[in-house]
Amino acid sequence: MNLITLKGRLVRDPEFFNEGTPRVNFTIAVDRRTTRDGDKADFFRCVAWDGDKVKTASAIRDYFVKGKPITITGRMENDPYTDKEGRLRDSWAVKVERWEFELSDPTQKQKANTVTETDSFKAAEDDIPF
C-alpha cells in the first residue's frame, strides 16, 4: 500500500496552474527531531488537482501561503525523466488526495471546536427552507 500522511509548513506560496485540469504545486517542510544535530527538516514536493466534486488544488491555492501549517494525505510517486546530459533522474512527489487545516495555537483549536447553543440554534435557523 502506498499511503503517506505529512504534517508540515509550506516553504513558499503554492503555484497554481489552470491549463486543462487545475493543479497546484507546493513544497512542505516537515520537522525531524534529532538529538545530536538539533532540529532538522525534510522537504516534500507535493501536487494536487481539482476533481469533479472536490476542488483540492483551488482550496490549497485559496487558503494556504508560505509558512502556514497543513496536513496532507496521499501517495508518493516517482516521475523519472532524462536530464540535459542524457542521465535518467528520479523526481519524487506526493500526489495529494486529502488535506486538512492545522491550527498552530492549541487554544485556537479548542475555540474552533466549541459551538455554543446560540450558534447551533442559528445554524438550525439557516437550514429552515421557509
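For this chain, numbers begin at 1 and follow the sequence in order.
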For Glu102 against Thr71, the heavy-atom pair lying closest together:
OE2-OG1, 2.7 Å
Non-hydrogen atoms of Phe16 and Arg61 that approach each other most closely
CE2-NH1, 3.1 Å
Is Ile4 reachable from Ile72 through a run of I, L, V, M, F, W or Y residues, each pair having side-chain heavy atoms under 4.5 Å apart?
yes
Could you tell me the separation between the CH2 atom of Trp99 and the CD1 atom of Ile70, rounded to the nearest 0.5 Å?
7.0 Å
For residues Asp90 and Pro80, report the shortest heavy-atom separation together with the two atoms involved.
OD1-CB, 4.2 Å
Between Val47 and Lys95, is there a side-chain heavy-atom distance shorter than 4.5 Å?
yes
One should read off an interatomic distance between Glu97 CD and Thr56 OG1, to the nearest 0.5 angstrom, of 9.5 Å
Arg87 CZ to Tyr81 OH distance, which is reported to the nearest 0.5 Å:
9.5 Å
Are any side-chain N or O atoms of Asp50 and backbone N or O atoms of Pro22, one a donor and one an acceptor, separated by less than 3.5 Å?
no
Shortest non-hydrogen contact from Val24 to Ala57?
CG1-CA, 3.6 Å
Can a donor-acceptor pair be found, under 3.5 Å and without considering hydrogens, that links the side chain of Asp79 to the backbone of Ser91?
no
Would Ile60 end up clustered with Val30 when hydrophobic side chains under 4.5 Å apart are linked, directly or stepwise?
yes
Residues Phe64 and Pro69: closest non-hydrogen pair is CE2-O, 3.3 Å
Flag yes if more than 12 heavy atoms outside Phe17 fall under 6.0 Å of its CZ atom; otherwise flag no.
yes
Would you say the side chain of Arg45 lies within less than 4.5 Å of the side chain of Asn25, judging by non-hydrogen atoms?
no
Look up atom CZ in Arg23 and atom CD in Glu15, then write down how far apart they are to the nearest 0.5 Å.
8.5 Å
Going only through I, L, V, M, F, W and Y residues with side-chain contacts under 4.5 Å, is there a path from Val11 to Ile28?
no
Distance, nearest 0.5 Å, that separates NZ of Lys68 from OH of Tyr63
10.0 Å
Connected via hydrophobic side-chain network under 4.5 Å: Phe26 and Val65
no
Closest non-hydrogen contact found for Leu3 with Thr73 is CD1-CG2, 3.6 Å
